[in-house]
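The next block holds one structure in the form of structure tokens; read it before the comments.
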Number of protein chains: 2
Amino acid sequence: MQKTSKFVLDLYNILECEDFTSIINWADCCKMFQISDSKKFEDIVMKQYFKTTNIQSFYRQLRIYGFKIKRNSNCQKVFHHIYFAKGQQQNLSKIQKGKSLTDQISGEMYNVNQIMKENQELKRQLNLMILFQKRLVKQFEIHQTIQKAIIDKMIKLSNLLCNERIHQTILSEKKIENFVNLIDGFQPELLVRIIRFLLKKIDPKTPINEIQYSPTPFPFNAQI
Amino acid sequence: MQKTSKFVLDLYNILECEDFTSIINWADCCKMFQISDSKKFEDIVMKQYFKTTNIQSFYRQLRIYGFKIKRNSNCQKVFHHIYFAKGQQQNLSKIQKGKSLTDQISGEMYNVNQIMKENQELKRQLNLMILFQKRLVKQFEIHQTIQKAIIDKMIKLSNLLCNERIHQTILSEKKIENFVNLIDGFQPELLVRIIRFLLKKIDPKTPINEIQYSPTPFPFNAQI
DNA sequence: GGGAATATTCCC
DNA sequence: GGGAATATTCCC
């Protein structure tokens with residue numbers, strides 16, 4: 001809890017001591033006050049309580065402490081502050097300078113040193129983040145390289161696969177062609193040898209071994 | 001050129017008017033001044049010129065304006081400032097507040113608003129960077145997942161390819177086996193149809209078309 | 001009405 | 001001796 005400032009306390013005492021009720025007094029259910037004689041206020045009250053007898057300076061102080069100027073039914077100035085009322089002495093310490101200013105420049109936030117320290121810390125954090133970000137970017141480049149390498153491999157693999165199929169197809173056709181050539185009768189001896197070879201390669205456990213060979217000659221037909 | 005401040009001008013006038021020579025007077029060839037009667041200085045001089053009659057406040061002002069306190073041969077206080085000397089009125093405006101303060105906290109560097117603005121800007125930048133960094137990390141995780149998926153696919157593909165080759169070899173052997181079964185004479189009609197189909201499929205431009213079919217019967221040998 | 005300069009006080 | 005809070009003045 002901040003202590004009540006001298007200006008506010010003086011003002012409260014001026015009103016409470018009741019020595020100057022003809023010059024300055026409570027108004028509107030003692031929630032406000034008014035100065036009924038400005039000249040006397042300057043010459044008597046201010047002369048006694050303040051270092052100046054200029055009522056404008058007194059008004060300036062009121063504004064600094066957040067008092068608002070209103071007008072009563074007679075259009076006279078009446079001063080008001082939510083924490084300034086007769087008998088509400090416990091609230092006086094809540095009346096602080098510059099509370100009507102925007103909050104960001106009041107209180108401890110206004111401590112230059114603190115802000116400058118904070119700035120230093122922020123700069124440090126920022127630099128750390130920039131460093132980390134650079135590392136991330138580097139890591140990204142590595143990933144990009146790896147990804148590119150993977151894609152290249154896949155393309156090669158894909159091409160290889162494609163070529164192999166084509167090759168296999170060609171090879172397959174070639175085999176058939178060769179086989180046809182053989183059974184066309186131009187190389188009957190070779191065909192016999194191949195069939196023998198193939199039969200040997202067949203798994204003995206397959207039913208092929210139980211098959212009885214037919215004596216029927218191959219029903220070749222030249223008119224195909 | 002800044003204008004001479006009220007305090008300095010008042011002080012100069014106090015010395016020059018010569019109304020108070022018994023209280024305050026020039027010293028040391030008029031380059032300094034001294035106060036010979038502090039009490040009278042407060043009650044008479046300060047009462048007339050300042051808002052306070054506390055000589056300590058006067059000293060505070062002197063310090064603020066950069067005056068230095070020295071001691072004369074009688075160990076009395078003597079006040080000095082390079083720009084404050086009798087007849088050197090043109091130099092008075094060079095006497096400015098706070099010139100004895102360290103440079104780094106004087107002038108525009110001491111502009112709180114500027115520092116606070118910088119503070120705000122730094123915080124904004126930092127938040128932006130934190131946000132961006134989070135996004136980068138997220139993106140990394142996505143890339144890692146994708147990369148892992150690609151590698152998995154490649155492994156599967158690679159395995160598939162390997163299996164396919166094995167299968168193809170088996171299949172190829174099976175085909176030959178089936179063919180051998182056919183030419184074993186159990187289904188000669190089917191074989192003829194297959195050969196016809198195969199011959200049709202052969203490119204007409206290949207030499208096969210020019211081949212003359214042999215009338216020789218298939219030299220089947222049951223003793224294989 | 002309030003920003004900013006200047007003055008005064010308080011306090012380490 | 002000087003930092004910082006408060007008061008006063010000046011000026012837009």
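Numbers restart at 1 for each chain; the letters A, B, ... are given by sequence-line order, proteins then strands. Values below: every heavy atom of this structure, side chains too, minus hydrogens, waters and symmetry copies.
Nearest-nucleotide assignment on DNA chain C puts the 5′-proximal partner with A:Arg60, out of A:Arg60 and A:Lys51. Residues A:Phe7 and B:Lys6 both approach DNA chain D. Their nearest nucleotides, taken by heavy-atom distance, put A:Phe7 toward the 5′ side.
One atom, CD1 of A:Ile64, and another, P of D:dA5, lie 15 Å apart when rounded to the nearest Å. In this structure, NZ of A:Lys97 is placed 15 Å from P of D:dA4, rounded to the nearest angstrom. Atom OH in B:Tyr65 sits about 18 Å away from atom P in D:dG1, given to the nearest Å. In this structure, A:Asp10 places its CG atom 14 Å from P of D:dT6, rounding to the nearest Å. If you take CD1 of A:Ile95 and P of D:dT6, they are 14 Å apart, rounded to a whole angstrom. D:dT6 atom P lies 16 Å from atom CG of A:Leu62, rounded to whole Å. Regarding A:Asn54, its CG atom lies at a distance of 13 Å from the P atom of D:dC11, rounded to whole Å. Between the CZ atom of B:Phe58 and the C1' atom of D:dG1 there is a distance of 16 Å, given to the nearest Å.
Against DNA chain C, the stretch residues 39-49 of chain A makes no heavy-atom approach under 4.0 Å.
Aromatic ring centres of B:Tyr59 and B:Phe79 lie closer together than 6.0 Å.
Residues forming a side-chain hydrogen bond (donor to acceptor under 3.5 Å, both in side chains) with A:Gln133 (at least two apart in sequence, or on another chain): none. For A:Asn72, the side-chain hydrogen bond (donor to acceptor under 3.5 Å, both in side chains) test picks out A:Gln34, A:Gln76, with sequence neighbours left out. By the salt bridge (charged side-chain N to carboxylate O under 4.0 Å, His left out) test, A:Lys6 pairs with A:Asp10, sequence neighbours left out.
Close to D:dA7, at under 4.0 Å from its OP1 or OP2, lies no side-chain N or O of A:Ser57. A:Thr52 has a side-chain polar atom (N or O) that falls below the 4.0 Å cut-off from OP1 or OP2 of D:dT9.
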Hey, can you pull the donor-acceptor pairs under 3.5 Å for the side chains in residues 38-56 of chain B, sequence neighbours left out?
from    : atom 1 : to      : atom 2 : distance (Å)
B:Lys39 : NZ     : B:Asp43 : OD1    : 3.2
B:Lys39 : NZ     : B:Asp43 : OD2    : 2.7
B:Glu42 : OE2    : B:Ile55 : N      : 2.8
B:Thr52 : OG1    : B:Asn54 : N      : 3.1
B:Asn54 : OD1    : B:Gln56 : N      : 2.9

Could you pull out all donor-acceptor pairs under 3.5 Å where a side-chain atom in residues 25-33 of chain B meets a protein atom, sequence neighbours excluded?
from    : atom 1 : to      : atom 2 : distance (Å)
B:Trp26 : NE1    : B:Glu16 : OE1    : 3.2

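The only member of A:Phe7, A:Tyr83, A:Phe84 that meets ring-ring contact (aromatic ring centres under 6.0 Å, His included) when paired with A:Phe67 is A:Phe84.
Within 4.0 Å of B:Phe50, counting heavy atoms only, lie sugar-phosphate atoms of the nucleic acid but no base atom.
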